[in-house]
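See below for the structure under consideration.
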Amino acid sequence: MLERIRIVLVNTSHPGNIGAVARAMKTMGLTKLVLVSPDEFPHPYATSRAAGADDILAQAMVVESLADAVADCQLVVGTSARQRKVPWPLVNPRECAQQLLAEAQQGEVALIFGREEHGLTNDELAMCQLHVHIPANETYSSLNLGAAVQVMTYEIRMQALQLTQSQSLEALSGHDAPLATSAELEHLYQHLEQTLQQINFLKSASAHSMMTKLRRIYQRARLERQEVQILRGILSQTQNKSKNK
Ligand code: SAH
């Protein structure tokens with residue numbers, strides 16, 4: 001199951017941190033690393049900080065956008081070192097590990113880490129169903145990237161070790177129908193935005209923040225694949241009717 005949990009690093013600036021992340025992952029039994037447009041990779045600093053976890057670096061996938069990194073994932077969790085403008089469902093690392101493992105039973109899941117300087121943008125956080133915060137010192141809450149990955153992957157390992165054979169992970173996850181993937185959800189949001197523009201619901205000044213609020217509703221709902229099809233059917237019909245008026 002650990003192989004279905006991917007660690008995604010967005011726009012990392014220091015290659016040494018990528019190496020530290022590979023080491024943190026390997027010590028906890030995770031193998032899948034995805035890098036979204038890293039500033040410098042591969043790099044000798046990455047290899048030296050990986051300290052023998054260079055197999056993780058060698059297998060790491062490099063992609064251009066966060067959407068590409070998580071397209072096939074049913075659960076995307078974003079990490080945040082501080083409170084953001086639009087509050088999102090927020091869990092602690094232990095609860096996060098529990099949910100990641102439960103859902104990894106069914107499909108691919110991702111845990112996203114941000115830039116050393118600025119973390120994740122609000123738009124990137126809006127691509128997640130859940131946010132996780134490591135409850136650090138309120139007046140000094142930002143961990144080094146490698147340290148944050150170590151804390152999260154330790155919780156994932158502890159959870160994996162605790163799960164006994166008798167515990168049904170499927171029961172924990174609570175879903176039997178397939179959940180929509182991140183790519184399917186992104187298509188739904190594009191379709192929704194187009195439709196809302198067509199029926200003049202979106203005012204250009206507030207369109208972006210309205211779309212973020214609507215995303216929050218749907219991200220919270222954990223839509224199944226079939227439910228996305230129903231919603232898109234409604235949107236198509238709305239578009240047709242509004243064209244024919
Ligand atoms: N200055 C940035 C923090 C960047 S730290 C900010 O204010 O957002 C780099 C990354 O490490 C973050 O994007 C996040 O992925 C992770 N991280 C650091 N501290 C964290 C914390 N307390 N909880 C969760 N993730 C954390």
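Read the numbers this way: they start at 1 and go in the same order the structure lists the ligands and their atoms. Given the structure is predicted, the values throughout are model-derived calculations rather than measurements.
Residue pairs meeting the side-chain hydrogen bond (donor to acceptor under 3.5 Å, both in side chains) criterion with at least one partner in residues 131-140, sequence neighbours excluded, are Asn137-Thr139.
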Quick one: side chains of residues 39-48, donor-acceptor pairs under 3.5 Å with protein atoms, not counting sequence neighbours, listed by atom name and distance.
| from | atom 1 | to | atom 2 | distance (Å) |
| --- | --- | --- | --- | --- |
| His43 | ND1 | Tyr45 | N | 3.0 |
| Thr47 | OG1 | His43 | O | 3.3 |

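Cluster partners of Leu66 are Val8, Val10, Val34, Val36, Met61, Val63, Val70, Val76, Ile112, Leu120, Leu125, Met127, counting Ile, Leu, Val, Met, Phe, Trp and Tyr whose side-chain heavy atoms approach within less than 4.5 Å, directly or via other members.
Donor-acceptor pairing under 3.5 Å is lacking for the side chains of Gln129 and Tyr218.
Note that CZ of Arg49 and CD1 of Ile18 are 11.0 Å apart. Values are rounded to the nearest 0.5 Å.
Residue Leu90 is not grouped with residue Val77 when hydrophobic side chains (ILVMFWY) are merged at heavy-atom distances under 4.5 angstrom, including chains of intermediate members.
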Ligand 1: which protein N/O atoms lie under 3.5 Å from its N/O atoms?
| from | atom 1 | to | atom 2 | distance (Å) |
| --- | --- | --- | --- | --- |
| ligand 1 | 1 (N) | Glu117 | O | 3.1 |
| ligand 1 | 7 (O) | Arg82 | NE | 2.6 |
| ligand 1 | 8 (O) | Arg82 | NE | 3.1 |
| ligand 1 | 8 (O) | Arg82 | NH2 | 3.4 |
| ligand 1 | 13 (O) | Gly114 | N | 3.0 |
| ligand 1 | 15 (O) | Thr79 | OG1 | 2.5 |
| ligand 1 | 15 (O) | Gly114 | N | 3.0 |
| ligand 1 | 19 (N) | Leu143 | N | 2.9 |
| ligand 1 | 22 (N) | Ile134 | O | 3.2 |
| ligand 1 | 22 (N) | Ser141 | O | 2.8 |
| ligand 1 | 23 (N) | Ser80 | O | 3.3 |
| ligand 1 | 23 (N) | Ile134 | N | 2.8 |

